[in-house]
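A quick write-up on the structure given underneath.
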Amino acid sequence: MRFYAEHTDISYGRNRIVEDLSMEIPEGKITALIGANGSGKSTILKTLCRIMKPDRGQVILDGRSIHRMGSRELARRLSILPQGPEAPEGLTVEELAAYGRSPHRAGYGRLSGEDREKIRWALSVTQMEEFSRRSLEQLSGGQRQRAWIAMCLAQDTEILFLDEPTTYLDISYQLDIMKLLKRLNEAYQKTIIMVVHDLNHASLFADHIVAVKKGKIVKMGRPESVITPLTCREVFGVMADVFTDPRTNRPLCIPYDHVMAGGENEI
């Protein structure tokens, strides 16, 4: 699989958000998009998965523009978990997971044996089997997020997009979701692209990090090359100490001050 964007401009109305974006998504790896609020990272994510169409340039998957693929064909290659997804009231976890089989079904007929097997697998991998008959309203925030991930897994795609998958979750569920994504990547070779706010989550769980500021890529590469005091200063406007965590050998970022407009740190 080869998946990349080349010379892509992206706008909301007349406002140019991303300009001349070129980036490649490493196959079988976890890629994290980081940046301040309004930096364009969610816009980039939406463009890579065809929610938005670029003004210029293209997104290529295995030699073909994703905008020239049929919707069903593309939905068999990539799945998307947006921020704050909504479902009909009373929908059960199993019914939600079944929606993931839509690209593989002809019309709205009965689920096939393969469909049911994929749904069972998705619920098992996300540890949601015991909650399969419960409605989403009866679940905690972390359990609901697992249910949505199960739907994406039932879709049986090689690429998974997530927009801020730990938003509104407490620290325990945040780690739970990030560890689940890491297992999906390592055990099932899922290529994962996600927007992440927590720099230490990006550092610990991602293989490839893309730092974005004002719609442009400032730095991308391995965590140790991206999560640095200079990147924190340039991208987020904060002074930070960055250490190597001896338990993981990954960068650990500790912000301690803002950067003033003139470039000096505030007191």
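All values below come from the heavy atoms of this structure, side chains included, with hydrogens, waters and symmetry mates left out. Heads up: numbering here begins at 1 and tracks the sequence.
The existence of a salt bridge linking D115 and R101 is confirmed by a sub-4.0 Å separation between a basic side-chain nitrogen and an acidic carboxylate oxygen. A salt bridge links D207 and K182; the closest N-O separation between the charged side-chain nitrogens and carboxylate oxygens is under 4.0 Å. In this structure, D176 pairs ionically with R146, as a charged nitrogen and a carboxylate oxygen lie closer than 4.0 Å. One finds a salt bridge joining R133 and E94 here, because a Lys/Arg side-chain nitrogen approaches an Asp/Glu carboxylate oxygen to under 4.0 Å. The pair D20-R56 meets the salt-bridge criterion, since a charged nitrogen lies less than 4.0 angstrom from a carboxylate oxygen. By the 4.0 Å N-to-carboxylate-O rule, E117 lies close enough to R120 to be salt-bridged with it.
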Could you go through the side-chain contact (heavy atoms from CB on, under 4.5 Å) check for Q127 and L180 one step at a time?
CA-CA 10 Å; Q127 299 179 348; L180 169 61; over 6 Å; no

Could you go through V235 and I34, starting from their C-alpha distance and side-chain angles, then the distance that decides it, and tell me whether this counts as side-chain contact (heavy atoms from CB on, under 4.5 Å)?
CA-CA 9 Å; V235 174; I34 63 171; 5.6 Å; no

Go through the steps to decide whether M52 and V18 satisfy the test side-chain contact (heavy atoms from CB on, under 4.5 Å), and finish with yes or no.
CA-CA 12 Å; M52 294 183 65; V18 176; over 6 Å; no

Might you work through the side-chain contact (heavy atoms from CB on, under 4.5 Å) test for N249 and T244, ending with a clear yes or no?
CA-CA 6 Å; N249 287 322; T244 298; 4.2 Å; yes

Could you walk me through whether E137 and S135 pass the side-chain hydrogen bond (donor to acceptor under 3.5 Å, both in side chains) test, one step at a time?
CA-CA 5 Å; E137 294 86 355; S135 67; 3.2 Å; yes

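Heavy-atom neighbours of K118 NZ from other residues, nucleotides or ligands within 6.0 Å: at or below the threshold of 12. Crowding of E89 atom CD: a count of heavy atoms from other residues, nucleotides or ligands under 6.0 Å not exceeding 12. Counting heavy-atom neighbours within 6.0 Å of Y99 OH, excluding the residue itself, gives a total of 12 or less.
For Q174 (side chain) and L169 (main-chain N/O), a donor-acceptor pair under 3.5 Å exists by modelled atom type. Using a distance-only test at 3.5 Å, with no hydrogens or angles considered, a donor-acceptor pair links the side chain of Q189 to the main chain of E186. A donor-acceptor pair is defined here as one N or O able to donate and one able to accept, closer than 3.5 Å; such a pair exists between the side chain of R72 and the backbone of S102. N185 places a side-chain N or O within 3.5 Å of a backbone atom of K190 that can act as its donor or acceptor partner. Put simply, the side chain of S79 never gets that close to the backbone of T157: no donor and acceptor are under 3.5 Å apart. K29 contributes no side-chain N or O that, together with a main-chain N or O of A206, makes up a donor-acceptor pair within less than 3.5 Å. Within the 3.5 Å criterion, the main-chain N or O of Q155 finds a donor-acceptor partner in the side chain of H104. Between the N200 side chain and the C253 main chain, a donor and an acceptor come within less than 3.5 Å of each other. Within the 3.5 Å criterion, the main-chain N or O of V93 finds no donor-acceptor partner in the side chain of S132. With hydrogens and angles disregarded, a donor-acceptor distance shorter than 3.5 Å links the side chain of K41 to the backbone of G35.
By the 4.5 Å heavy-atom criterion applied to side chains, I227 and I209 are counted as neighbours. For the pair M128 and L139, the minimum side-chain heavy-atom distance is below 4.5 Å. In this structure, L78 and R50 have side chains that are not in contact, with every pair of non-hydrogen atoms separated by 4.5 Å or more. Side-chain contact between F131 and T92 is absent, with no heavy-atom pair separated by less than 4.5 Å. Within the 4.5 Å cutoff, no side-chain heavy atoms of H201 are placed close to those of M194. Counting only heavy atoms from C-beta outward, the side chains of D62 and R77 approach each other to under 4.5 Å. I149 is listed as a side-chain neighbour of I177, based on a closest heavy-atom distance under 4.5 Å. Proximity of E27 to R2: side-chain heavy atoms (C-beta onward) are nowhere separated by under 4.5 Å.
Rounded to the nearest 0.5 angstrom, S39 OG and I17 CD1 are separated by 10.5 Å. The CZ atom of R250 sits 6.5 Å away from the CG atom of L204 when rounded to the nearest 0.5 Å. Atom CG of residue L48 and atom CZ of residue F3 lie 5.0 Å apart, to the nearest 0.5 angstrom. To the nearest 0.5 Å, atoms CG (L181) and CD1 (I192) are separated by 5.0 Å. Rounding to the nearest 0.5 angstrom, the gap separating the CD atom in Q143 from the CD atom in E130 is 8.0 Å. Residue T166 holds its OG1 atom at 10.0 Å from CZ of F205, rounded to the nearest 0.5 Å.
The minimum heavy-atom distance between V196 and A202, with the atom names listed, is CG1-N, 4.0 Å. The minimum heavy-atom distance linking G142 with Y173 is given by the pair CA-CD2, 3.5 Å. Taking every heavy atom of both residues into account, A211 and T231 meet most closely at CB-CG2, 4.1 Å. Scanning all heavy atoms of the two residues, the minimum distance from A97 to I119 falls at CB-CG2, 4.0 Å. The two atoms that bring T31 and P26 nearest to each other are OG1-CD, 3.3 Å, heavy atoms only. Taking both residues in full, the closest heavy atoms of L45 and D163 are given as CD2-CB, 3.6 Å, listed atom of the first, atom of the second, then distance.
Side-chain contact, E164 with H197: a donor N or O sits under 3.5 Å from an acceptor N or O.
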